[in-house]
Amino acid sequence: MNDREHYTPGLASGAQVRKDGEKWTLILVRELRHSPEKVWQALTDPAHLRQWAPFEADGSLGTVGTTVKLTWSGTSRVSETRVIRADAPKMLEYHDIRWELEALGGGTRLTLWHSIDRRYIAMGAAGWHICFDVLDRLLSGTPIGRIVAGEAMKFGWPRLNAEYAQQFGINPHLRKQVQEYEEAREVQQGLMPKQIPQIPGVEISGSWRPARIVGGDYFDVFDFSERRVGLCIADVSGKGMPAALLMSNLQAVVKALASEDISPKELVEKVNRVMCRNTTEAKFITLFYGLLDVDDKTLRYANAGHNAPILTRKDGAQIRLEAGGLILGVFQEGSYEEGEIELRPGDRLVMFTDGLSEAVDGEGEEFGEERVAEVSRCTRQLSAEALRRGLLEQVTEFCAGGFEDDATILVVAVSEKDDRTIVM
């Protein structure tokens, strides 16, 4: 998975469409560096399909006459299909898809024929383009994880969609819209911490992973002094641009109010009053804010309906930080409790949004907060950076990269000695 963050698809290429009345067929050609036999297995074996394809199959697609259920990622659509043709390793046909495999030197020329509604054919071309890239890396032994549905939005899908639409003569104004979304992502990325503050005796590491181009998660670390920092993580309900706009408003309010002189309880109550005026009935916010004091070795905090952070002691004992109150943006005069926890050498504090714990596998099972806690416990000897990366990698593997919601993690590691080593 280590190359995933650096993956960027190439330019739209190798595709054409054929029109027969209202029926449009996408034809996409890709030359792979692997034998037809190896490619055939990836096209037919359910375990392989789960690692790269835009759908999952409940049985092998390699036998003529077999009936298989296909579950398309990012949708509730399940289609029951019958394998019409399976001439290994040359021709495979089922549903509205046909694959042709042609030996080419030591590799394979793979051709996909896929009948798609004309409104979605550029989208389909962009999605398959990325799937083919993932397939090539999977077969090469350097997998980067499946990139489908909302996850593809972060890996060049909007650009590919616009490029294929232009090639196919569809919606010439799409490119401008895509450019605006990409600029919005850059703006939102700029709102996240560019550099996490250093504080003696503590390591802090955080990451933000939107499910779409932009998202509703937010985290920040406030550098109040050499001995005090503020920790904030929040989640706006919903996804996409509406959630991103509200998140930007929340970020501005928190930044304006946060200081070492305001308690977590006071900050959360003030943020709530402001956000009640700025949110609609259908929107709400969860937020956790803490004030970490190295001299006192304490963390004072208030939790406004957010997933309770997990504090893991050096001996493996765990505490959930739950003190606080209801979600933000609903009750104007809501009041909040303030909790306080002692920080000890070797402690690890993991803060996260529900996009992490609610990530689901191919069977629809959630990763769950219990697994988050168990991973935190088992990796408590690691640095903040290593623990954060390891947790994200385990969740990514669990859901095959198919995050349906924004996922954000903020990890604090208390040194076992009072030093100034900081991992970012």
Side-chain angles (χ1 to χ4, degrees), residues 1-7 50-51 134 137-138 141-147 151 154-155 192-193 195-196 198-199 201-211 215 217 219 221 231 233 235 288 292 306-321 343-362 365-416 421-424:
M1 299 287 181
N2 53 347
D3 292 329
R4 183 183 182 88
E5 295 180 3
H6 304 293
Y7 164 69
R50 196 175 299 119
Q51 297 180 69
V134 173
R137 286 162 173 75
L138 174 65
T142 55
I144 59 174
R146 189 163 62 151
I147 301 176
E151 184 75 3
K154 300 179 293 180
F155 291 93
M192 301 298 168
Q195 186 174 9
I196 293 180
Q198 300 185 10
I199 182 169
V202 175
E203 310 168 66
I204 305 174
S205 179
S207 65
W208 166 73
R209 181 178 187 147
D217 278 9
F219 83 94
V221 181
L231 305 169
I233 188 168
D235 185 2
F288 176 91
L292 190 158
H306 197 76
N307 303 79
I310 302 166
L311 179 68
T312 305
R313 300 294 192 188
K314 184 178 178 180
D315 63 2
Q318 292 185 315
I319 303 168
R320 302 299 296 271
L321 307 190
L343 297 178
R344 303 172 185 170
D347 280 354
R348 298 294 184 266
L349 176 64
V350 176
M351 294 159 273
F352 57 97
T353 58
D354 60 13
L356 190 83
S357 57
E358 294 178 4
V360 297
D361 65 7
E365 181 182 355
E366 288 188 357
F367 189 80
E369 293 193 8
E370 289 186 5
R371 284 193 178 97
V372 175
E374 181 62 14
V375 173
S376 302
R377 188 185 65 80
C378 292
T379 58
R380 65 188 183 277
Q381 76 284 358
L382 299 180
S383 68
E385 172 72 4
L387 194 160
R388 179 192 63 77
R389 284 184 176 273
L391 177 56
L392 183 58
E393 286 176 2
Q394 289 209 33
V395 180
T396 301
E397 183 177 354
F398 179 83
C399 68
F403 286 89
E404 297 297 327
D405 197 1
D406 310 325
T408 300
I409 311 174
L410 185 58
V411 177
V412 175
V414 181
S415 175
E416 295 193 41
T421 302
I422 308 296
V423 176
M424 293 184 293

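Values in this document were obtained by computation on a predicted structure and should not be read as measured data. The figures here come from the full heavy-atom set of this structure, side chains too, leaving out hydrogens, waters and symmetry mates.
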Exercise: identify the closest heavy-atom pair between [X] and [Y]:
{"X": "R348", "Y": "L382", "answer": "NE-O, 2.8 Å"}
{"X": "N307", "Y": "S357", "answer": "ND2-OG, 3.9 Å"}
{"X": "S383", "Y": "A386", "answer": "OG-N, 3.1 Å"}
{"X": "P143", "Y": "L138", "answer": "CB-CD1, 4.0 Å"}
{"X": "F219", "Y": "L410", "answer": "CD1-CD1, 3.9 Å"}

So, taking the atom named [atom1] in [X] and the one named [atom2] in [Y], what distance separates them when rounded to the nearest 0.5 Å?
{"X": "I310", "Y": "L321", "atom1": "CD1", "atom2": "CG", "value": "9.5 Å"}
{"X": "D405", "Y": "L356", "atom1": "CG", "atom2": "CG", "value": "10.5 Å"}
{"X": "R344", "Y": "E416", "atom1": "CZ", "atom2": "CD", "value": "13.5 Å"}
{"X": "L231", "Y": "L349", "atom1": "CG", "atom2": "CG", "value": "7.5 Å"}
{"X": "T408", "Y": "W208", "atom1": "OG1", "atom2": "CH2", "value": "8.0 Å"}
{"X": "T142", "Y": "R137", "atom1": "OG1", "atom2": "CZ", "value": "7.0 Å"}

Side chain proximity check, R4 to T396, heavy atoms < 4.5 angstrom: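 Yes. Closest side-chain heavy atoms under 4.5 Å.
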Residue pair P309 / F288, side-chain heavy-atom distance below 4.5 Å: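 The answer is yes, as the side chains (C-beta and beyond) meet within the 4.5 Å cut-off.
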Derivation and outcome, salt bridge (Lys or Arg N to Asp or Glu O under 4.0 Å), residues E151 and R146: CA-CA 9 Å; E151 184 75 3; R146 189 163 62 151; over 6 Å; no
Set of residues satisfying salt bridge (charged side-chain N to carboxylate O under 4.0 Å, His left out) with respect to E369, sequence neighbours excluded: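 In terms of salt bridge (charged side-chain N to carboxylate O under 4.0 Å, His left out), with neighbours along the sequence ignored, E369 is linked to R320.
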Within the side chain of [X], is there an N or O that forms a donor-acceptor pair under 3.5 Å with the backbone of [Y]?
{"X": "H306", "Y": "D354", "result": "no"}
{"X": "R371", "Y": "F367", "result": "yes"}
{"X": "Q318", "Y": "A373", "result": "yes"}

Intermediate values then yes/no, salt bridge (Lys or Arg N to Asp or Glu O under 4.0 Å), D406 and R209: CA-CA 6 Å; D406 310 325; R209 181 178 187 147; over 6 Å; no
Among R388, R389, E5, E385, the one residue meeting side chain to side chain donor-acceptor pair (under 3.5 Å) with S207: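 Exactly one candidate clears the test, R388.
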Candidate pair V350 and S376, rule side-chain contact (heavy atoms from CB on, under 4.5 Å), full reasoning: CA-CA 7 Å; V350 176; S376 302; 3.5 Å; yes
Test: D347 and R313 ion pair at under 4.0 Å: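 A salt bridge is present here (some side-chain N lies under 4.0 Å from a carboxylate O).
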side-chain contact (heavy atoms from CB on, under 4.5 Å) between I147 and Y7, intermediate numbers included: CA-CA 10 Å; I147 301 176; Y7 164 69; 3.8 Å; yes
T353 and D235: side chain donor to acceptor below 3.5 Å: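 Short answer, no.
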Donor + acceptor pair across side chains of R380, T312 (<3.5 Å):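 There is no such pair between these side chains.
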